[in-house]
Amino acid sequence: MSSNEEAQVAQRRANLDAIMALGCAPYPNQFPLRDTVSALVDAHGTVDGPALEASRIETVTAGRILSIRNFGKASFFVLSDGRSRIQVYIRQDALSEQAYALSRLLDFGDQIGVTGHLFRTRTNELSIWATDLTFLAKCFIPLPEKWHGLQDVETRYRQRYLDLIVNPDVRRVFEIRSRTVSAIREVLTGEGFLEVETPMMQPIAGGALARPFVTHHNALDMTLYLRIAPELYLKRLTVGGIERVFEINRNFRNEGISTQHNPEFTMLEFYWAYVDCERLMAFTETMLSRVAQQVVGSDEVTFGEHRISLRAPFRRLSLRHAAAEEASRRLGVTVTVDELRSLDSALALAARLGIPVPPGIGPGKVATEIFEALWEDQLIQPTFIHDFPTEVSPLSKQRPDDPDTVERFELYIGGFEVANAFSELNDPVEQRRRFEAQLADRARGDAEAHAMDEDYIRALEYGMPPAGGEGIGIDRLVMILSNSSSIRDVILFPLMRSRD
RNA sequence: GGGCCCGUAGCUCAACUGGCAGAGCAGCAGACUCUUAAUCUGUUGGUUGAAGGUUCGAUUCCUUCCGGGCUCACCA
């Protein structure tokens with residue numbers, strides 16, 4: 001018995017043996033509770049003591065013991081159902097001999113059923129006057145301390161169940177996440193969108209610029225990729241006549257991990273026939289403010305040191321115009337949008353601004369790099385960045401008045417990208433040309449360049465209606481709504497390096 | 001992948017310039033029938049992430065490795 005933990009586990013096993021000796025089942029198959037702890041707290045949390053006594057509310061409930069305060073022949077337990085907590089008052093003269101003996105053998109962390117009636121203690125705490133206890137399961141491993149909780153982030157992510165047991169705010173974040181997804185579904189289905197599920201395993205990983213995970217199907221002896229986006233399948237569905245379609249599901253990208261990136265992440269993508277990018281901006285504004293209202297009860301949220309307003313309208317910045325404007329301000333000279341359109345002048349501008357750009361890229365990519373370097377961390381309030389260069393947007397439709405620019409926007413909130421949307425390119429000839437340009441990038445060594453997808457072009461050859469499409473990063477939206485600074489705080493089991 | 005930082009009891013944290021590894025909580029024994037970070041008395045518990053090195057002596061300094069955090073790059 002060298003370590004303290006081993007000693008405590010042994011003690012708890014001995015306690016279970018003693019509980020079994022009392023005639024209690026160690027792992028009963030069910031427990032007929034009448035109320036959850038949350039239901040009791042929700043229904044009676046504001047009822048005063050005399051009213052409780054008068055109505056004499058009998059209950060049978062269950063949960064995990066989160067603390068035990070002992071007073072000789074009486075004790076107080078805090079019982080939790082994972083969401084709410086209620087106090088249980090144990091006294092020897094209210095219990096059978098067996099139930100009282102059981103109460104003395106319970107440990108912090110055990111699962112129990114409690115029978116009794118509600119009352120308020122002298123300190124006005126809503127409590128259950130226990131008349132019977134039922135043993136439900138033993139907690140063998142000592143839980144983290146009640147006051148400081150579990151602070152170690154590594155343990156919190158690896159053993160999320162512990163985090164949920166002892167840190168009540170964690171539950172709140174994932175309730176926000178669940179309500180966010182529900183609210184989005186409600187908005188979209190209310191607009192007549194059909195929810196679908198498209199392949200996660202794809203022979204060609206398309207629809208985004210990213211490196212995929214590779215896997216293999218044995219029976220078909222076939223290389224498959226975990227999808228990086230559902231985009232091309234959803235657009236095939238618009239060809240098939242599903243004019244309003246959406247999917248909320250996981251994407252997988254084989255890239256670095258950061259506070260804003262998990263290798264698997266959840267994305268909403270929706271496609272809407274006959275509308276353009278402009279219409280999507282207005283829709284996004286109303287959808288996000290409605291979602292915020294439903295999820296947190298306000299269209300204004302706290303995010304770190306900021307207050308963020310999700311009330312429409314959001315700020316709009318044209319990418320090259322905003323880049324030129326900010327560059328002018330920083331350099332003290334007039335920089336024109338045209339300087340961003342030719343490669344030589346754009347590269348020269350980046351150099352003057354001290355912005356490093358990767359070699360071998362075109363002017364559109366340089367302009368985008370300059371914009372991001374100058375603006376990204378200023379985009380705290382919701383801001384649509386629109387008018388992206390065609391070069392960096394292989395699936396977007398060009399502006400009728402400017403083929404060098406596409407009808408596309410990205411929405412930034414809290415300093416990072418939350419949404420990406422565009423008028424969908426539905427011209428198969430132009431789409432083939434764009435894919436070929438991407439293949440050229442790939443040949444130059446860009447592993448994230450888009451692959452050719454012949455079947456997708458064939459689908460477009462049947463005629464796809466004009467449509468707007470948008471992707472919203474659910475994890476990042478939940479970060480904003482739950483005031484979480486890391487994406488790992490809104491993903492129950494974020495990817496971690498395996499141990500040993 | 002680069003830079004910076006962290007890893008000490010089950011949990012939360014100390015340990016000065018290199019000098020006997022400590023506290024609170026939890027646990028154990030005892031007292032206590034309305035407490036709520038209950039209180040009081042006593043007490044168990046350590047391969048200081050791992051392996052090397054420097055040193056009379058390493059939690060402390062150096063190297064490598066393992067795990068994590070922040071940040072940069074890339075993206076949603």
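Each chain gets a letter, A, B and so on, in the order the sequences are listed, and its residues count up from 1.
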Candidates [options] - which lies nearest the side chain of [X]:
X: A:Gln8; options: B:G10, B:C70, B:C75; answer: B:G10
X: A:Gln87; options: B:A37, B:U35, B:A76; answer: B:U35
X: A:Arg497; options: B:C11, B:U35, B:G68; answer: B:G68
X: A:Phe71; options: B:A37, B:G24, B:U33; answer: B:U33
X: A:Ser486; options: B:A76, B:U35, B:C70; answer: B:C70
X: A:Glu145; options: B:U35, B:U33, B:G24; answer: B:G24
X: A:Pro142; options: B:C32, B:G10, B:U71; answer: B:G10
X: A:Gln11; options: B:A76, B:G27, B:C11; answer: B:G27
X: A:Asn15; options: B:C28, B:C34, B:A76; answer: B:C28
X: A:Asn4; options: B:A26, B:G69, B:U33; answer: B:A26

Exercise for the section: May I ask you to check whether A:Phe409 and A:Phe422 place their ring centres under 6.0 Å from each other? Expected result: no
Handout entry: With sequence neighbours excluded, residues passing side chain to side chain donor-acceptor pair (under 3.5 Å) with A:Ser127
Key = A:Gln87
Exercise for the section: Could you state the atom-to-atom distance from CZ of A:Arg85 to P of B:A37 in whole Å? Expected result: 13 Å
Completion exercise
Residues passing the salt bridge (Lys or Arg N to Asp or Glu O under 4.0 Å) test with A:Lys397, sequence neighbours excluded, are none
Practice task
Is it possible for you to check whether A:Arg408 lies under 6.0 Å from the centre of the six-membered ring of A:Phe388, through NZ or CZ, and within 45° of that ring's axis?
Solution key: yes
Exercise for the section: Cation-pi check, A:Arg236 to A:Tyr233: give yes when NZ or CZ is under 6.0 Å from the six-membered ring centre and within 45° of the ring axis, no otherwise. Expected result: yes
Exercise for the section: Let me know which of A:Ile128, A:Asn70, A:Ile68, A:Asp110 forms a side-chain contact (heavy atoms from CB on, under 4.5 Å) with A:Phe77. Expected result: A:Ile68
Practice task
Check ring pair (Phe, Tyr, Trp, His ring centres under 6.0 Å) between A:His386 and all other residues, then give those that pass, not counting sequence neighbours.
Solution key: none
Exercise for the section: Please identify each residue that fulfils side chain to side chain contact (heavy atoms under 4.5 Å, CB included) with A:Pro382, with sequence neighbours left out. Expected result: A:Ile308, A:Leu310, A:Phe314, A:Leu411, A:Ile413
Handout entry: Dot-bracket encoding per residue of RNA chain B, Watson-Crick/G-U cut-off under 3.5 Å, | denoting interstrand
Key = (((((((..((((.....[..)))).(((((.......))))).....(((((..]....))))))))))))....
Exercise for the section: Within residues 153-168 of chain A, find the residues that approach RNA chain B with a heavy atom at under 4.0 Å, and present them sorted by residue number. Expected result: A:Val153, A:Glu154, A:Tyr157, A:Arg158
Practice task
Look at the side chain of A:Arg69 and the base of B:C32, then say whether one donor and one acceptor between them are separated by less than 3.5 Å.
Solution key: no
Fill in the blank from the handout: Of A:Ser127 and A:Glu417, the one whose closest nucleotide on RNA chain B sits nearer the 5' end is A:Ser127
